[in-house]
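This report refers to the structure that appears directly beneath it.
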Amino acid sequence: MTSEKENLDLSVPVASEREIFGLSGPLHLTTLDWTNPNHRRSVAASLVQGVYILERDRQEKREGSRALAPPWWEAFHFQLYRLLIDDADSCVFGAIYQLTSVPSDSNHSADQAPRYVIAFRGTITKGDAFSRDVELDIHIIKNGLHQTSRFETAIQAVRHVVATFGSSNVWLAGHSLGAAMAMLAGKNMAKTGVFLEAFLFNPPFFSAPIERIKDKKVKHGIRFAGSVITAGLALAMKNNHQATRSRGTFVALSAWLPCLFVNGADHICSEYIGYFEHRKRMEEIGAGGIERLATQHSIGGLLLNAMGKPSEEPLHLIPSASLTVNRTPVRDFKEAHGIHQWWRPDLLLESKIYNYR
């Protein structure tokens, strides 16, 4: 019996083991229970990985039987409904998957299965997609992702699926840059009253790295001071149209509960831990009102509004979330930020639901 490694064509560039489903995919998922949060997380992460490999297949010109991407969705009974192509560099940045069937042994959970999943990959450091991906990463830092042609393609795809097939059993999924894309799409849909289930892996949260401070009192003191300053600015600008509109939008989003998956050792996304824990702590010490106001704004956005310059609030400002933190020890940042961690069966996870009230 030959192994998958032995079947590789040595006349072409050898693929990384991490690209091959049979070597690094969630092979333990022989039976799917769509009510099991671990199964749902693992499938969503695998479909995002499928987008990464679709782009790698394109770069390496792997077609037909040589393509490595299909097993990442076919293993879970999905088919590729549509590719999402960036018009700036023709790279594959997303995909729409359609569920083809639910196995008979999963029928008890069939109503929880997604009929369509719209997935977005993150930054690829190999090939010709890298420069465009980095450009979009910079747009996230500058709160300008909504102005990019890639996001326009993404949100049009989401609206197409919802308009054509309805919003029930439609998932959004993304990793890193792709998580930012999925979050922004989800927020846009939520503003219209359409709340899509979202699986956001290692979503970027760009701010001062407060979460890396070991002293809890110092960390809380810095966050408390930031909340007081932000809330004070917001109160001072209560008659400012832009600030008022931001508050109304934030409250309207509170019914949307995206699933965020972060790793405490990943400085790109770990600030979400402190962002939500601080809100809870402020409630406990009787300062919930201050934090409920502060969490709707950023100091930078308020200052720009005060100067008459409308600004888009940072993507990470979200009212509610189901936050899952991976506490499993990691070797390095690459492992902490990678998509592969999210389908491992032996993770040490902490999950909490934060509802904005």
Side-chain angles (χ1 to χ4, degrees), residues 12-21 24-25 43-76 78-100 114 116-140 145 148-161 170-186 198-204 337-340 342-343:
V12 297
V14 178
S16 164
E17 287 190 8
R18 297 170 71 83
E19 296 180 347
I20 302 172
F21 182 85
S24 64
V43 172
S46 296
L47 295 178
V48 173
Q49 175 69 351
V51 182
Y52 275 106
I53 310 307
L54 277 164
E55 171 56 16
R56 290 293 294 140
D57 281 347
R58 183 194 71 83
Q59 292 178 3
E60 299 296 337
K61 297 180 173 57
R62 298 186 300 231
E63 300 176 348
S65 61
R66 291 179 51 231
L68 299 179
W72 289 97
W73 58 82
E74 291 175 349
F76 309 112
F78 285 90
Q79 66 181 8
L80 185 61
Y81 174 77
R82 178 180 158 194
L83 290 175
L84 300 180
I85 308 295
D86 191 313
D87 61 3
D89 65 356
S90 300
C91 74
V92 178
F93 74 88
I96 304 174
Y97 300 104
Q98 180 183 32
L99 188 69
T100 57
Y116 291 87
V117 178
I118 307 158
F120 308 100
R121 64 165 177 81
T123 302
I124 287 185
T125 57
K126 299 177 181 178
D128 54 1
F130 178 63
S131 60
R132 173 63 170 164
D133 288 350
V134 170
E135 177 187 332
L136 289 160
D137 291 332
I138 294 172
H139 275 293
I140 296 175
L145 188 62
T148 65
S149 61
R150 182 181 292 189
F151 177 70
E152 184 60 31
T153 300
I155 192 63
Q156 286 181 8
V158 173
R159 289 169 178 156
H160 163 76
V161 170
V170 173
W171 289 6
L172 298 174
H175 174 246
S176 193
L177 166 60
M181 196 80 63
M183 179 179 289
L184 185 55
F199 295 78
L200 311 176
F201 301 100
N202 303 83
H337 190 65
I339 187 68
H340 285 73
W342 295 112
W343 58 73

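Throughout, residue positions are numbered sequentially from 1 according to the sequence presented.
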Heavy atoms only: give me the nearest [X]-[Y] pair and the separation to one decimal.
X: Pro204; Y: Ser176; result: CD-O, 3.3 Å
X: Thr125; Y: Phe130; result: CA-CD1, 3.6 Å
X: Gly127; Y: Gln59; result: CA-OE1, 3.5 Å
X: Asp86; Y: Ser149; result: OD1-OG, 4.3 Å
X: Tyr52; Y: Gly122; result: OH-N, 2.9 Å
X: Gly50; Y: Ala69; result: O-CB, 3.9 Å

Sub-4.5 Å side-chain heavy-atom contact between [X] and [Y]:
X: Thr153; Y: Phe93; value: yes
X: Leu68; Y: Glu60; value: no
X: Phe199; Y: Val43; value: no
X: Arg62; Y: Arg56; value: yes
X: Leu84; Y: Val51; value: no

Do side-chain atoms of [X] reach the backbone of [Y] as a donor and acceptor pair under 3.5 angstrom?
X: Tyr116; Y: Ile96; result: no
X: Glu55; Y: Ala129; result: no
X: Arg66; Y: Asp57; result: no
X: His175; Y: Thr123; result: no
X: Arg121; Y: Val92; result: yes
X: His340; Y: Arg18; result: yes

TODO: Identify which one of Asp87, Asp89, Asp133 satisfies the side-chain hydrogen bond (donor to acceptor under 3.5 Å, both in side chains) criterion when paired with Arg150.
DONE: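 Exactly one pass, corresponding to Asp133.
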Task: Parallel, tilted or perpendicular: rings of Phe76 and Phe21 (30°, 60°) - done: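 Judged by the thresholds at 30° and 60°, the geometry between Phe21 and Phe76 is perpendicular.
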How long is the span from the [atom1] atom in [X] to the [atom2] atom in [Y], to the nearest 0.5 Å?
X: Tyr97; Y: Glu74; atom1: OH; atom2: CD; value: 10.5 Å
X: Glu63; Y: Arg58; atom1: CD; atom2: CZ; value: 11.5 Å
X: Leu184; Y: Leu200; atom1: CG; atom2: CG; value: 11.0 Å
X: Gln156; Y: Phe151; atom1: CD; atom2: CZ; value: 10.0 Å
X: Trp72; Y: Ser24; atom1: CH2; atom2: OG; value: 4.0 Å
X: Ser131; Y: Leu136; atom1: OG; atom2: CG; value: 10.0 Å

